[in-house]
There are 2 protein chains.
Amino acid sequence: MPKPEVDPTAPLRLSVDRSSPVPLYFQLAQQLEAAIEHGTLTPGSLLGNEIELAGRLGLSRPTVRQAIQSLVDKGLLVRRRGVGTQVVHSQVKRPLELSSLYDDLEAAGQRPASQVLVNTLEPASAEVAAALGVAEGTEVHRVERLRLAHGEPMAYLCNHLPTGLFDLDSAQLEATGLYRLMRAAGITLHSARQSVGARAATADEGERLGEPEGAPLLTMQRTTFDDTGRAVEFGSHTYRASRYSFEFQLLVRP
Amino acid sequence: MPKPEVDPTAPLRLSVDRSSPVPLYFQLAQQLEAAIEHGTLTPGSLLGNEIELAGRLGLSRPTVRQAIQSLVDKGLLVRRRGVGTQVVHSQVKRPLELSSLYDDLEAAGQRPASQVLVNTLEPASAEVAAALGVAEGTEVHRVERLRLAHGEPMAYLCNHLPTGLFDLDSAQLEATGLYRLMRAAGITLHSARQSVGARAATADEGERLGEPEGAPLLTMQRTTFDDTGRAVEFGSHTYRASRYSFEFQLLVRP
DNA sequence: GAAGTCTGATTGTCCGGACAAACTAAGGGC
DNA sequence: GCCCTTAGTTTGTCCGGACAATCAGACTTC
């Protein structure tokens with residue numbers, strides 16, 4: 001493998017546009033991230049001290065620090081007092097995100113398809129009521145979907161949502177993911193509590209997913225909260241273990 | 001349920017110790033977090049504006065902002081321009097951490113026990129070599145452990161580690177978790193790449209874990225990196241799906 | 001040669017201030 | 001009554017500076 005054709009002594013081409021509405025620290029962070037992604041900043045290399053960097057760009061040190069800090073939070077950089085700021089020897093890509101299966105499949109280029117099996121209202125069971133923080137028996141949406149990739153079933157998704165949040169249109173649900181609909185409705189997702197496990201498929205579950213009875217299934221239950229702390233969705237999903245696994249990156253909080 | 005006996009109009013008792021070596025912003029963040037945990041700061045309540053807060057504590061606004069920001073990053077607070085900073089209506093506890101099964105079990109009060117089955121050196125297979133970033137055939141540690149809770153097997157853990165990092169003592173491995181040993185050896189964990197799936201138990205696997213052949217197993221593969229980007233551990237773990245599931249909290253990155 | 005010591009470099013913490021942007025709510029116009 | 005404008009509040013961004021804590025490497029000492 002040829003060595004990267006980058007002169008490490010050449011100072012990075014950085015510049016900021018003060019007339020732009022995008023914050024200066026953000027512009028700098030983007031450029032640094034691009035340089036890391038592109039290989040201009042090689043793993044392990046020092047970034048040059050903050051004061052010099054600030055002077056070169058005509059920025060103040062706090063602004064430069066804010067840019068660097070955002071990349072440290074992303075896990076791309078590591079700071080060492082008395083040494084400098086280094087690019088992490090990555091293999092690390094992205095921390096875990098709250099993504100939907102739809103997004104996952106699309107990112108993998110699998111051209112996902114949905115099939116809405118059920119889209120109705122029903123009184124909340126004890127489990128659903130507890131997850132959504134509503135009284136048992138309250139009317140909630142129930143959506144059952146089958147997620148397909150390459151025409152084969154991948155997962156069976158059952159979601160419960162409180163009423164009055166937004167319009168649950170079956171056609172839209174088939175065209176895109178649930179999370180996109182929520183974001184489009186002005187709901188800002190904040191956090192989620194997930195539980196991932198496994199169990200053997202019942203005869204019904206097996207038939208839906210094209211697996212024999214007793215086949216191992218990967219299960220996920222997730223309750224999603226918006227930024228006001230309200231539970232906006234509770235999902236119970238089963239995935240074909242033979243076709244799907246969860247992959248994610250973790251960052252250790254310092 | 002009685003209403004919390006807290007007067008929301010009473011200003012929070014906050015104070016900082018300037019003679020302490022612990023940073024002022026960190027002291028403030030800890031006190032705010034404690035107040036949220038304790039219920040003194042109720043979910044949804046405003047925090048009071050930053051300038052007034054700074055004045056009351058004798059701090060500057062940047063310091064107060066740094067404290068607040070750290071809690072926003074943890075998902076405990078939400079800022080709204082023109083409105084103020086609110087306590088999130090939690091149910092949210094902690095974001096996902098890089099924890100070991102040992103820690104998980106201990107937190108659940110299950111008094112974990114380990115049994116080291118194998119602790120040896122062997123040449124790296126292609127898979128292990130790729131994960132650890134070493135040449136195929138390089139000598140690496142191989143550790144196989146059985147994790148028990150209440151005397152029952154919970155998981156079978158197989159780890160591979162590069163040589164020369166630290167001392168792998170079987171007795172210590174049985175007394176504590178692998179991650180604690182690494183931290184104690186001065187290795188600062190940085191990130192990990194995980195893959196969680198499921199599959200049916202083979203006859204051997206079933207026997208080790210006390211499950212019948214074909215029983216669903218939860219599998220996890222994890223490669224852990226330190227802050228220099230070096231892979232320090234590669235683990236292939238299988239859990240009894242009937243006894244164990246992964247639970248975690250996610251934060252949506254804004 | 002090995003150990004401890006000093007020095008320079010670099011990030012960490014903290015201050016005080018300034019203006020911009022976004023949101024809320026009250027006031028005025030229709 | 002309803003909609004638009006306006007003013008006030010609060011966070012967001014940015015500046016320039018100061019000192020402390022920590023690290024690496026060179027130097028000194030034994």
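Below, each value reflects all heavy atoms present in this structure, side chains not excepted, and no hydrogens, waters or symmetry copies. As the structure is a prediction and not an experimental result, all values here were calculated from the model. Letters A, B, ... mirror the listed sequences (proteins, then strands); counts begin at 1.
Residue-to-nucleotide proximity on DNA chain C shows that, of B/L24 and A/G84, the 5′-proximal contact is made by A/G84. If B/Q69 and A/R61 are placed on DNA chain D by their nearest nucleotide, the residue sitting closer to the 5' end is B/Q69. Each of A/V83 and A/Q66 lies near DNA chain D, and the nucleotide nearest A/Q66 is the one positioned closer to the 5' end.
Considering CZ of B/F225 and CD of B/E233, their distance stands at 10.0 Å, rounded to 0.5 Å. B/R193 contributes atom CZ, which lies 11.0 Å from atom CD of B/Q221 (distance to the nearest 0.5 angstrom). For the atom pair B/N159 CG and B/R222 CZ, the distance stands at 9.0 Å (nearest 0.5 Å). Residue B/F234 holds its CZ atom at 10.5 Å from OG1 of B/T224, rounded to the nearest 0.5 Å.
For the pair A/P123/A/E139, a side-chain contact is recorded, criterion being any heavy-atom separation below 4.5 Å from C-beta on. With contacts defined as side-chain heavy-atom distances shorter than 4.5 Å, the pair A/V232/A/I187 qualifies.
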Using side chain to side chain contact (heavy atoms under 4.5 Å, CB included), reason through A/V72 and A/Q69 one step at a time and then give a plain yes or no. CA-CA 5 Å; A/V72 171; A/Q69 188 58 47; 4.0 Å; yes
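Within 4.0 Å (heavy atoms only), B/R80 reaches sugar-phosphate atoms of the nucleic acid but no base atom. Among the atoms of the strands shown, base atoms are found under 4.0 Å from some heavy atom of B/P62.
Protein atom CZ of B/F26 is 14 Å distant from nucleotide atom C1' of C/dG12, rounded to whole Å. Here the C1' atom of nucleotide C/dT10 and the CG atom of A/N49 are 7 Å apart, to the nearest Å.
Among pairs with a residue in residues 39-48 of chain B, none fulfils salt bridge (Lys or Arg N to Asp or Glu O under 4.0 Å), at least two apart in sequence or across chains.
For the helix from C/dG1-D/dC30 to C/dC30-D/dG1, the axis fitted to the five pairs at one end and the axis fitted to the five pairs at the other end meet at an angle of 10° (nearest 10 degrees).
Listed pair A/R79 / C/dG12 meets the phosphate criterion, a side-chain N or O lying under 4.0 Å from OP1 or OP2.
In summary, B/E50 and B/R79 engage in a salt bridge, as defined by a charged side-chain N under 4.0 Å from a carboxylate O.
In the 5' to 3' direction, nucleotides of DNA chain D lying under 4.0 Å from heavy atoms of chain A begin and end at D/dT13 to D/dA24.
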